[in-house]
Number of protein chains: 4
Amino acid sequence: MRFSMTDEIATEDEPARRSIGAKRNPDSAEAILEAAEELLRDKGYAGFSIEAVAKRARAGKPTIYRWWPNKTALLLEVYQRQKGQVDYSDTGSIEEDMFRFMKSLFHQWRETQTGEIFRSLVAEAQQDDAALKALAHYAGTRRGRTRQIVERAQKRGEVRADVMPEVVADLLAAYAWIHLLTDRLYESDETIRAAVAVIANGIKS
Amino acid sequence: MRFSMTDEIATEDEPARRSIGAKRNPDSAEAILEAAEELLRDKGYAGFSIEAVAKRARAGKPTIYRWWPNKTALLLEVYQRQKGQVDYSDTGSIEEDMFRFMKSLFHQWRETQTGEIFRSLVAEAQQDDAALKALAHYAGTRRGRTRQIVERAQKRGEVRADVMPEVVADLLAAYAWIHLLTDRLYESDETIRAAVAVIANGIKS
Amino acid sequence: MRFSMTDEIATEDEPARRSIGAKRNPDSAEAILEAAEELLRDKGYAGFSIEAVAKRARAGKPTIYRWWPNKTALLLEVYQRQKGQVDYSDTGSIEEDMFRFMKSLFHQWRETQTGEIFRSLVAEAQQDDAALKALAHYAGTRRGRTRQIVERAQKRGEVRADVMPEVVADLLAAYAWIHLLTDRLYESDETIRAAVAVIANGIKS
Amino acid sequence: MRFSMTDEIATEDEPARRSIGAKRNPDSAEAILEAAEELLRDKGYAGFSIEAVAKRARAGKPTIYRWWPNKTALLLEVYQRQKGQVDYSDTGSIEEDMFRFMKSLFHQWRETQTGEIFRSLVAEAQQDDAALKALAHYAGTRRGRTRQIVERAQKRGEVRADVMPEVVADLLAAYAWIHLLTDRLYESDETIRAAVAVIANGIKS
DNA sequence: ACCTAAGCGAGACGGTACGTCTCGTCTTGCG
DNA sequence: CGCAAGACGAGACGTACCGTCTCGCTTAGGT
C-alpha cells in the first residue's frame, strides 16, 4: 500500500516541498499521511486535527483537502496503509489458529500503536456516516479474511458444516474490538485462550 | 425515566427557571439532562455541544459547567439515566436466555435511541481518558449483570463448571457492541441465534 | 481616615458576621466599603468586581445589592468616604494658594491611592449615566470649594472683579484631572508652578 | 474616512467576505473598524464588545483577534482613524485662536460623536495599561499640535517668551477633556471664552 | 416568652462577553 | 496547475462577572 521508496518519517528542517507541476506531488501525499499517522500514534484521536497534520507535514491545508475530502477520509487512508501483521497461520487446530490470530492482533494494535489509529476510526465513524460506511466495509473485508480460518477448518472436518463462518468471524472481531475500545489490550493469555476456547468448542464437530 | 416519546418535551415559553437558593435546582439539572438526551437522539453525537444543550435547556452554560466538569461527564450521566429494559429472564435454557438478552438489547438500543447515546459515549471515550475509565467501569458493571445468566446455568449444571462466566459475558457484550458500532442493529434473528448458539454450544456440559 | 476602633484589615478566619436583627449591620457595610477600597487600591478598577468585593468582605452579594443599587453606587460611596486632605490655605497670594492646592491634590491622589479610586469613578462614569451624573455633581461641589480660593482673592482685590471664579476653578480641576488620567501625577513642581502661574497671571488685577 | 452619515452603512445581505489569500483582507479590516465605530457611536462604550463588533461586521471573532490583540487596540485604532477637523487657524489673536480651537473641538466631539469614542478610550485607559500608554502618547502628540498656536503667537511677540507652550497646550486640552468627561460639551460660548481669556491674559506680553 | 420581620452569608440561576481553538473554504504568488 | 502559506466566516470551548433569587440562620422589637 506504500510505494514511496525514500525517506519516511523525516518531517523537519528541509526547505519545504514545492509543486512539481500540474500533478499531484506524491511526496506531499506521503508527508501528509506520515504526519497524520504520527499524530494519531503520539497524541491519539484528540490531537488529530487537519490543522495539526498540515503543520507537521509542512503542507498547506488546501493540499490536504484537495486529496482527501475530509478528516474521515484521511483517517481511513492512514488506517488502510497499516500493514496487517496478523497471524492467520494454519496450525491444524482451529482453537490454536484463533488464539494466534487474537494474540497477534492484540500485539499489533498494542506495539505498533495502530490500535490508536483504529480506535480513532471507530470514534470518527460514530459521528460521520461516511466513516461509518467505510468502517463497516473495511470490517466486512477483514472479517472475510478471518472467516477463512473457519472455512479451512470446516473443510478438513474439524468444524461442523452447519456453522456460519461469517458469524464466527464476527464473534472474534467483536472480542478484539471491545478489548481495544475499553483499553484491555493487555489481556492475559489465559483469558484470551478461554474466550477462544468457548468459540472453538462451540463450533467443533 | 423517559420512555414515552411525547410527554414533557415542552421546552419553550415558560417564564424560565430561577435559582432556588444556595443549592442545586433539580429542575435545571433535569432540564439539562433532558435537553442533552434529546439532542443526542435527534442529531447524534455531532450535534451534541454544551452550547446547544444550554440553549435547548434554557440554561446558562456556567450552570452546566458547575455540575458537570466537561462534556464527557454530562454524556455519561445522560447514558446512565437510561434504565436498561434488557431481558435477563431465566427460561431454563442458557441459549434461549442469551438470545433474549441479545434481542432485547438490540431492541432497546434501536427503538429508544439509547444506542445513539451509547455510541456517542464510546466515541467520546476514544478521545478522553476520563470517559474511557468511566466507560470501562460501566461496561464492567453491565458485564457483571450478564454474567449471572451464565452463573445460574452453571449452578443447574447446564454449563460446565470450568467455564469463566466473565469471559462469556464479555463475548456477548462484544457481539452487541460491534453491531451497534457498525450500524448492524437490524441483524436478523437467524444470525443472532447462530451467534448465540456458538457460544452456548461452547459452554454446555 | 478610618475610624472604626477594632481590627481593621483583618479579613480572614473570623467566624463571619451575622445578621444583627431587622436592621442594617454596620459592620457589614464597613467591611464591604473597606474591601472595595482595598481592591481598587491594590488592583485598580480592573480588579473591582462585586464578586471580588463580596468575597473579600466575606459578605453575600445580595447584601451589597441591598444597600447599593449597583457597582457605580458602591464606587461612588467608596470615593466619597475619602476625606480630602487638600490644602485650601490662604497664603495671601492666589498663585501660592493655587500651587499648594494643586500640589496637595496630586500628593493625596498619589500617596493614598485615592487617585486610583477617582480614576475608576471617571471610567465608570463613561459607561453609566448615573455615575456620570454623580460625578458631575461631585465635581461641581469640589469646584465650589476650589472657587473660594478665587473668591477670597477677589475680595481682597488681588483678582479682577470680572473674573468668573467658577471658570478658574474649572481650569484648575481640569489640569488636575488630565494629569491623573494620563498618569502624570509625578509632574515636577516647576511645571505645576508654570501652569498655575498662567492662570494666576490671567486673573490678577 | 467616514464623514457622511448615510452612505455605506449597509451591513446585511451581501454574500459575505472571503479570504483573499494568505494576506490580510482590507475589506474585513475596514468592515470591522466601521462596525466598531458605529457601535461606539450608537450605543457608547457599554455596547462595544468584540462579540458585537464581529456580528455587525459579519466577521469571525478570530479575525478580529488576529489583527488587534485586544479590545483596547481596536478602540485605539478606531479613534485614530478619526480625522481631526479641529480649527487651528491663525487669526492673529491668540485668544481668538484658542477660542476657535476649543469651539471646534467641542463641536467635533459633539456632532460627529467622536467624543463618545474618545470617552471610551479614556475609560478603557483607566483599566488597561497598554491603553493608558497609548492614550498618553496620543495626547502628547495632539498637545504638540496645539502648542503651535502658542509658539507662533510667541514668535510674533503676542505671548511672553518665558511662557512654556507645552503647559498652555496642557491647560487647553485639560479644559476640553473635563468638559467631555463630565458631559458639558454644550458649554456656552461665553463660558468658553471666559476660560480661554484667563489663559490668554495669563500669557500675553 | 413568643412571633414576626428583616438582615445576613452563601451560593445557584440565566445571561453576556471574553479570548482561544479548529473546521473547511478561499486566494495569492512562486515554481 | 500544484504547492505552501495563511486569512477568512463560523461557531464551540471553558471562564469570569453581572444582577437576581431563595435558603436557613440570626436577632430586635412588638405583643
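Residue numbers begin at 1 in each chain, while the letters A, B, ... track the order of the sequences. Predicted model only: the values in this text are computed from it and were never measured. Just the heavy atoms: all of them, side chains too, but no hydrogens, waters or symmetry mates, feed the values below.
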### Whole angstrom value for the distance that separates P of E:dG11 from OH of C:Tyr65
17 Å
### Task
Quickly work out the D:Trp68 CH2 to E:dG19 P distance and round it to whole Å.
14 Å
### Query
When you check the phosphate oxygens OP1 and OP2 of E:dC23, does a side-chain N or O of A:Lys71 lie under 4.0 Å from one of them?
yes
#### Entry: B:Arg66 vs E:dC13: side-chain N/O to OP1/OP2 distance below 4.0 Å
yes
### Task
Give a yes or no on whether a salt bridge exists between C:Glu51 and C:Lys71, defined as a side-chain N under 4.0 angstrom from a carboxylate O.
no
### Task
Kindly say if B:Thr63 contacts the phosphate of E:dG14, meaning a side-chain N or O under 4.0 Å from OP1 or OP2.
yes
### Message
Looking at every heavy atom in both C:Val78 and C:Leu40, which two are closest together, and how far apart are they?
### Response
CG1-CD1, 4.0 Å
### Selected nucleotide, minimal atom distance to B:Lys61 side chain, candidates F:dT15, F:dT20, E:dC8
F:dT15
### Query
Hey, is D:Asp42 close enough to D:Arg56 for a salt bridge, meaning N to O under 4.0 Å?
yes
### Query
Of C:Pro62 and A:Pro69, whose closest DNA chain E nucleotide lies nearer the 5' terminus?
C:Pro62
## Note on the structure
Taken to the nearest whole Å, NZ/D:Lys23 to P/E:dC30 is 11 Å
### Task
Tell me which of D:Ala59 and C:Ala52 sits closer to the 5' end of DNA chain F, going by the nucleotide each one is nearest to.
D:Ala59
### Query
Looking only at N and O atoms, is any donor in the side chain of D:Ser19 or the base of F:dA7 less than 3.5 Å from an acceptor on the other one?
yes
## Note on the structure
5'-most contact on DNA chain E (nearest-nucleotide basis), A:Phe48 vs D:Ile20, goes to A:Phe48
## Note on the structure
Of all heavy-atom pairs linking B:Gly47 and B:Ala52, the shortest is O-CB, 4.0 Å
### Query
Starting at CZ of D:Arg24 and ending at C1' of E:dT28, how long is that distance when rounded to a whole Å?
17 Å
### Query
For B:Leu76 and B:Ala134, which heavy atoms make the closest approach, and how far apart are they?
CD1-CB, 2.8 Å
### Query
Side chain of D:Glu51: nearest nucleotide among F:dA5, E:dT22, E:dC18?
E:dC18
### Task
Return the minimal non-hydrogen interatomic distance between B:Asp128 and B:Thr72, and the atom names on each side.
OD2-OG1, 3.1 Å
### Query
What is the distance from CD1 of A:Ile64 to P of E:dC26, rounded to the nearest Å?
17 Å
### Pairing of B:Arg41 and B:Glu37 as salt bridge, 4.0 angstrom limit
yes
#### Entry: Residue-phosphate contact under 4.0 Å: C:Trp67 side-chain N/O, E:dC8 OP1/OP2
yes
### Query
C:Lys55 side chain N/O closer than 4.0 Å to the phosphate oxygens (OP1, OP2) of E:dA10?
no
### Query
Do B:Arg119 and B:Glu116 meet the salt-bridge criterion of a basic N to acidic O distance under 4.0 Å?
yes
### Task
Rounded to the nearest angstrom, tell me the gap between atom CG in B:Asp27 and atom C1' in F:dC21.
14 Å
### Query
Rounding to a whole Å, what distance do you find between D:Gln127:CD and F:dA16:P?
17 Å
### Message
Please determine whether a side-chain nitrogen or oxygen atom of C:Ser28 lies at a distance below 4.0 Å from atom OP1 or OP2 of E:dG7.
### Response
no
### Task
Rounded to the nearest angstrom, tell me the gap between atom CZ in A:Arg56 and atom P in F:dA4.
17 Å
### Query
OP1 or OP2 of E:dG14 less than 4.0 angstrom from a side-chain nitrogen or oxygen of B:Arg18, does that happen here?
no
## Note on the structure
Between its two end axes (five pairs each) the helix from E:dA1-F:dT31 to E:dG31-F:dC1 turns, nearest 10 degrees, through 10°
### Query
Which one, E:dA17, E:dG15, E:dG14, comes nearest to the side chain of B:Arg58?
E:dG15
